[in-house]
Number of protein chains: 2
Amino acid sequence: MALGTGYAQQNCSIARALEIVGERWTMLVLRDCFYGVRRFSDLLGHLDISRAVLTERLASLTDAGLLERRSAGGHPEYLLTAAGIAFWPTLYSLSRWGERYAGDGGRTRTFSHAGCGGEVDDLGQCPVCGTTPGPADLIVTLVEGSSGHRRSDPVSLALRRPHRLLQPVTPVAG
Amino acid sequence: MALGTGYAQQNCSIARALEIVGERWTMLVLRDCFYGVRRFSDLLGHLDISRAVLTERLASLTDAGLLERRSAGGHPEYLLTAAGIAFWPTLYSLSRWGERYAGDGGRTRTFSHAGCGGEVDDLGQCPVCGTTPGPADLIVTLVEGSSGHRRSDPVSLALRRPHRLLQPVTPVAG
DNA sequence: GGTTGGCAGTCTGGTCATCAGACCAAACTA
DNA sequence: TAGTTTGGTCTGATGACCAGACTGCCAACC
């Protein structure tokens, strides 16, 4: 949060969590990381965010231990750490709430268990095998007919195909 | 979010959710509502927030349908609606993540099922009876010895006792 | 009936964060 | 070697947030 008067006095795990992930754009950066976006320019194009703010968010997420900055092929890549991956349930829960109460009520994306194909429920549990798959075992699929096809940047196009979370996306040029 | 360039282009339920609950202080206001804080002055004292910002947050949460403003005894009260109550899993999940990765790793609060006394797990499920209690059926208890006793405003003092979520707190004067 | 006091806001001037867009350095490519 | 891509930094303008002063409403009390 990095303001003079942050949430420090709140002494509450929610407040402390929000000190790390509560700033504008931060959770959307994490969402993109789960979707497999790893590069500065891809995040920039997909989020429509100011370069300075993206730089700052990536640095603070890295400082906080949710992301790891790694050089790959001459360019940096930002990968989720264990602490970052552990944030998935919160993001999933927020997504489900948003589908129900911040849109037209319909599904926009579904998440299915890569192991058995079951579509996970509100709690993230697979109704077929009864486990709670981590993000690495989930396949995200855009719901056809949802309002989910507006953007046309390369990353958005690449994300229209079903794909496994955390696996790197390869944006198509154009 | 109410900025010229919000998250509108993101076309994603997470982005839409964050348009409503993603601003500074908003989730902490909701947290306090779950804890039973209902009055403007109590929120003000417990959150250490600017009056203008609290006014704006309460108005936008009311507009978005998460809170309901109701006159009670000559003063307004802010109560969670169904949409607001449905936000509990996200808040709980964020709290658990924060305990693990944004603090010393220890529990600060526990939530137990009022029906059978079981302490709910990471997913919010009661290990005793197997159900997933809603917030109205949860009792929050501050963990002794956690760093959770810093604040001394009347609301914080009232919240030190175990109490059921959504039940109104009665701050002690002083 | 007038006064007092608490409550729920609004208003104000200053500070901080974010914005769009220009600029820059390093690495790769032709 | 010149140009392009990538990953940033810098700048001036705008908007959000801050602490604190101020206002209007209502109930209780004298």
Side-chain angles (χ1 to χ4, degrees), chain A residues 1-10 18-19 21-29 32 37-63 67 69-79 153-155 168 170-174, chain B residues 1-10 18-19 22-29 32 37-63 67-79 153-155 168 170-174:
Chain A
M1 194 77 2
L3 279 179
T5 46
Y7 303 143
Q9 300 307 320
Q10 284 300 318
L18 289 173
E19 291 263 355
V21 298
E23 282 173 304
R24 189 162 156 74
W25 296 112
T26 302
M27 289 201 202
L28 293 181
V29 170
D32 272 17
V37 184
R38 297 182 167 187
R39 298 184 56 168
F40 187 90
S41 56
D42 289 340
L43 289 165
L44 199 66
H46 191 226
L47 290 171
D48 278 336
I49 183 180
S50 143
R51 306 175 78 86
V53 172
L54 179 57
T55 299
E56 200 280 332
R57 292 300 181 274
L58 289 171
S60 67
L61 283 171
T62 303
D63 283 353
L67 293 182
R69 186 180 190 277
R70 190 179 286 183
S71 270
H75 297 295
E77 276 188 354
Y78 295 91
L79 301 176
D153 59 280
V155 173
T170 51
V172 281
Chain B
M1 195 75 6
L3 278 179
T5 48
Y7 301 143
Q9 299 307 319
Q10 285 299 318
L18 289 172
E19 291 262 356
E23 283 173 305
R24 191 161 154 75
W25 296 112
T26 301
M27 289 201 202
L28 293 182
V29 170
D32 272 16
V37 184
R38 298 183 167 187
R39 297 184 57 169
F40 188 90
S41 57
D42 289 339
L43 289 164
L44 198 67
H46 191 225
L47 290 171
D48 278 335
I49 183 180
S50 142
R51 306 176 79 85
V53 173
L54 179 57
T55 299
E56 199 280 332
R57 293 300 181 273
L58 289 171
S60 67
L61 283 171
T62 304
D63 283 352
L67 294 182
E68 181 192 352
R69 187 179 188 275
R70 190 179 286 184
S71 270
H75 297 296
E77 275 188 356
Y78 294 91
L79 301 177
D153 58 279
V155 174
T170 51
V172 281

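In what follows, chains carry the letters A, B, and so on, assigned in the order in which the sequence lines appear, proteins first and then strands, with residues in each chain numbered from 1. On a predicted model such as this, the values are computed, not experimentally measured, just so you know.
Closest approach of B:Arg24 to B:Arg57, counting heavy atoms only: O-NE, 2.8 Å.
Going from atom CG of B:Leu18 over to atom OG1 of B:Thr26 covers 10.0 Å, rounded to the nearest 0.5 Å.
The nearest whole Å value for the distance from the CG atom in A:Leu28 to the P atom in C:dT18 is 13 Å. In this entry the distance linking CD1 of B:Ile49 with P of C:dA8 reads 14 Å, nearest Å. Taking atom CG of A:Leu54 as the reference point, atom P of C:dA17 lies 17 Å away to the nearest angstrom. In this structure, B:Arg24 places its CZ atom 14 Å from C1' of C:dT18, rounding to the nearest Å. Between the CZ atom of A:Arg57 and the P atom of D:dT9 there is a distance of 14 Å, given to the nearest Å. Nucleotide D:dG20 holds its C1' atom 12 Å from the CG atom of B:Leu44, rounded to whole Å. A:Leu47 places its CG atom 15 Å from the C1' atom of C:dC19, with the value rounded to the nearest Å. For A:Glu56 and D:dG8, the CD to P distance is 13 Å, given to the nearest whole Å.
Between the side chain of B:Thr62 and the main chain of B:Leu58, a donor-acceptor pair closer than 3.5 Å is present.
Closest to the side chain of B:Thr55, out of D:dC17, C:dT10, C:dA20, is C:dT10.
Side-chain polar atoms of A:Tyr78 and A:Arg69 form a donor-acceptor pair below 3.5 angstrom.
Remark on DNA chain C: of its neighbouring residues B:Leu58 and A:Gly73, the 5'-side contact belongs to B:Leu58, judged by nearest-heavy-atom nucleotide.
Just one residue in the list B:Val37, B:Val29, B:Val53 forms a side-chain contact (heavy atoms from CB on, under 4.5 Å) with B:Leu47, and that residue is B:Val29.
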Could you pull out the protein-nucleic contacts involving nucleotides 5-7 of chain D (nitrogen or oxygen on both sides, under 3.5 Å)?
| unit_1 | atom_1 | unit_2 | atom_2 | d |
| --- | --- | --- | --- | --- |
| D:dT6 | O3' | A:Arg39 | NH2 | 3.2 |
| D:dT6 | O3' | A:His75 | ND1 | 3.2 |
| D:dG7 | OP1 | A:Arg39 | NE | 3.4 |
| D:dG7 | OP1 | A:Arg39 | NH2 | 3.4 |
| D:dG7 | OP2 | A:Ser41 | N | 3.2 |
| D:dG7 | OP2 | A:Ser41 | OG | 3.0 |
| D:dG7 | N7 | A:Arg51 | NH2 | 2.9 |

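In this structure, A:Ile49 and A:Leu43 have side chains that are not in contact, with every pair of non-hydrogen atoms separated by 4.5 Å or more.
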